[in-house]
2 protein chains.
Amino acid sequence: MTTQNRKDHAEYAQATEIAAQLRRDIAEGKYGPGDRLPSQRKLAEQHNAVRGTVDRAIRDLVDEGLAITEWGRGTFVRQKPQWMRFGRRRYSRSMRTFNDLGPFGAEAAAQGKEPFVDCAAIDRIIPPSDVAERLEISPDTEVVRRENWYYADAEALQLGVTFAPWSIVEGTPVSNSADMGPEGIYGQFERQGYPITFIREEITARMPSPDESLRLQIPPGVPVIDLWHTGYDDQHRPFETTHFVMRADYSALDYDMPVED
Amino acid sequence: MTTQNRKDHAEYAQATEIAAQLRRDIAEGKYGPGDRLPSQRKLAEQHNAVRGTVDRAIRDLVDEGLAITEWGRGTFVRQKPQWMRFGRRRYSRSMRTFNDLGPFGAEAAAQGKEPFVDCAAIDRIIPPSDVAERLEISPDTEVVRRENWYYADAEALQLGVTFAPWSIVEGTPVSNSADMGPEGIYGQFERQGYPITFIREEITARMPSPDESLRLQIPPGVPVIDLWHTGYDDQHRPFETTHFVMRADYSALDYDMPVED
DNA sequence: TTGACTCACTGGTTCAAGCCAGTGACCAAC
DNA sequence: GTTGGTCACTGGCTTGAACCAGTGAGTCAA
């Protein structure tokens, strides 16, 4: 590897040194969670550097998720939030009536947070190709598109966009109502003859797009978990797929499952 | 929300404008994957800005994973790599003999990559508390620690650190050899009376630490998937747990599983 | 032909200075 | 007491200049 990236090169650069010093100070508890770091001007003076250099150092910390800057107030040590854990049980029948808001609400409540789910849109559309593939339908088969935003304590944590063939959901609350009733959306699917029996979860992580940063109010330095969930009925036919984008700093996935031969 | 982060504030800043323009150009194909962007000095001239401003804009692109800079050469549009997908089948018995290198090797080969697994260390240690909890052992029970690095085409993609009670692995290759034989590590566990029957996967994502960036050679703007895997035998006793850190831009997880009541 | 060298060009980093805009403590006027 | 303004302080961003170090094409002498 002859080419090097910025950070490699900066290994002994002043900004990197300052960042490393601050990381040490944070790790050693000199600055605890929520504490304010010295101002950029003070740090510049202390390290015999220009303020722009300190700004770069702090930007690195922020990008790592270790600190958060607030305009006009200062730079603060970030407190690691509790995780919301989601997994296979999210879809189990016994979870359905656990809480008005479903598994998300239950998990939020367990964390002492106020859950809120906002169904922002319900549309009837021609599906994007990746949706059609997951639903195993031809690309011109219409689907319902339900856009849900999940909040805890008024902070947006997740975006979930659910797709299902229109023919399955026509006339049911899934196609025309934000309220899925006490049994939830999977109760509705079950009534239509599609009991959720298998699920497939395709997971990756990435940095949010600028649009996602804005809409999910994701702080700098926090990635998102990008999850495609697909539900299958007892005959292994897919009947719904949901694309979740979750703030990674608040979210964990937790699956337990049998191993087959 | 009265406080705003850096990016919100910079919404109409010049650097953000330049970044947005470059994003558009990339999206529209003006610059394709692998193409070199104009030099910072040229871009500065074009946008009537100073080079520092252009540098900030490009840094944003790099942090998003859209571009990669090479010192002395220029800034290039990043090509999105193929993903390696891992999931439940990674542990199934039928996968064990698929390839000398196991599921990782099989997946790499499927992507046309040259797989290589390096067992960097085998130690006998007192486990960290999170390991002891997952193995359901007392914190003073010794365990084996196996550190594995996974490469594809000489690029490090994953780090996996496996822990298992020393009492289980004593005298077996798991405790003293990099080579697990044709049946792999789970074949060894099975011989000791621990057939892998259930798994638990705890998944989250985060930005890599500077150390991880260095050792996995992770480009800026790429998060890691942080995965704790635990294997259980037919009596639901945990016998091994592995902590994976995976480059998120190359890795996806793909699970299919039954839903239970 | 080949290898050493030059040189223009690249990004990486820092400097020194300045203006802008949000914050919050403080204080005077109501 | 409450209100509204001042002001010192915060980070956000830009300017313009400079030096460093890696790259690679082109040159020139052995």
Side-chain angles (χ1 to χ4, degrees), chain A residues 1-20 22 31 34-63 66-78 210 213 219-221, chain B residues 1-20 22 31 34-63 66-78 210 213 219-221:
Chain A
M1 195 77 157
T2 55
T3 60
Q4 312 223 308
N5 71 33
R6 206 156 208 155
K7 281 197 174 152
D8 286 350
H9 172 241
E11 186 132 28
Y12 298 106
Q14 198 177 5
T16 313
E17 281 305 308
I18 296 172
L22 290 171
Y31 309 116
D35 285 1
R36 219 198 69 190
L37 299 181
S39 75
Q40 293 188 352
R41 286 167 178 86
K42 278 227 179 65
L43 286 170
E45 198 183 350
Q46 284 172 22
H47 290 86
N48 264 314
V50 89
R51 189 161 74 97
T53 305
V54 172
D55 188 68
R56 247 185 181 68
I58 287 183
R59 191 173 281 245
D60 281 352
L61 292 191
V62 168
D63 284 349
L66 271 175
I68 188 89
T69 59
E70 289 184 31
W71 196 4
R73 300 220 314 128
T75 302
F76 299 84
V77 179
R78 184 105 151 265
S213 292
Chain B
M1 193 81 156
T2 54
T3 60
Q4 313 223 307
N5 71 33
R6 209 155 208 154
K7 282 196 176 154
D8 286 348
H9 173 243
E11 187 134 28
Y12 299 108
Q14 198 176 5
T16 312
E17 280 305 308
I18 296 173
L22 289 171
Y31 310 115
D35 284 1
R36 220 198 70 191
L37 299 181
S39 75
Q40 293 189 353
R41 287 167 178 86
K42 279 228 177 66
L43 285 170
E45 198 185 348
Q46 283 172 23
H47 291 86
N48 263 315
V50 88
R51 189 161 76 97
T53 304
V54 172
D55 188 67
R56 249 186 180 67
I58 287 183
R59 192 173 281 247
D60 280 352
L61 291 192
V62 167
D63 283 348
L66 271 175
I68 189 88
T69 60
E70 289 184 30
W71 196 2
R73 302 222 312 129
T75 303
F76 300 84
V77 179
R78 181 106 151 266
S213 293

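Chain A is the first sequence line, chain B the second, and so forth, proteins listed ahead of strands; every chain is numbered from 1. Predicted, not measured: the structure shown is a model, and the values here were computed from it.
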Side chain to side chain donor-acceptor pair (under 3.5 Å) involving R36(A) - partner list, sequence neighbours excluded:
none

Is there any protein nitrogen or oxygen under 3.5 Å from a nitrogen or oxygen in nucleotides 8-10 of chain C, and what are the pairs?
| residue | atom | partner | partner atom | Å |
| --- | --- | --- | --- | --- |
| dT10(C) | OP1 | S39(B) | OG | 3.3 |

Please report the distance, rounded to the nearest Å, between [atom1] in [X] and [atom2] in [N].
| X | N | atom1 | atom2 | answer |
| --- | --- | --- | --- | --- |
| E45(B) | dG11(C) | CD | C1' | 17 Å |
| R56(B) | dG11(C) | CZ | P | 17 Å |
| R59(B) | dT14(D) | CZ | P | 14 Å |
| D55(B) | dA17(D) | CG | P | 18 Å |
| Q14(B) | dC19(C) | CD | P | 18 Å |
| F76(B) | dG22(D) | CZ | C1' | 12 Å |
| I68(B) | dG11(C) | CD1 | P | 13 Å |
| L61(A) | dG11(D) | CG | C1' | 14 Å |

Should the heavy atoms of other residues, nucleotides or ligands under 6.0 Å from CD of E45(A) be counted, would the total exceed 12?
no

Return the 5'-most residue of the pair G52(B), R51(A) with respect to DNA chain C, ranking by each residue's nearest nucleotide.
G52(B)

Where do [X] and [Y] come nearest, in terms of heavy atoms and distance?
| X | Y | result |
| --- | --- | --- |
| G34(B) | F76(B) | O-CD2, 3.4 Å |
| A57(A) | A15(A) | CB-O, 3.3 Å |
| T75(B) | A67(B) | CG2-CB, 4.0 Å |
| Q14(B) | N48(B) | NE2-O, 3.3 Å |

Side-chain N or O of T53(B) versus OP1/OP2 of dT15(D): is the shortest distance under 4.0 Å?
yes

Which nucleotides of DNA chain D pair, in dot-bracket form (Watson-Crick or G-U under 3.5 Å, | meaning another strand)
||||||||||||||||||||||||||||||

Gap separating the CZ atom of R59(B) from the CZ atom of R59(A), nearest 0.5 angstrom
8.0 Å

Pairwise distance CZ(R78(A)) to CG(D35(A)) - rounded to 0.5 angstrom:
15.5 Å

Residue that, paired with L61(B), satisfies side-chain contact (heavy atoms from CB on, under 4.5 Å) out of V77(B), L22(B), I68(B)
L22(B)

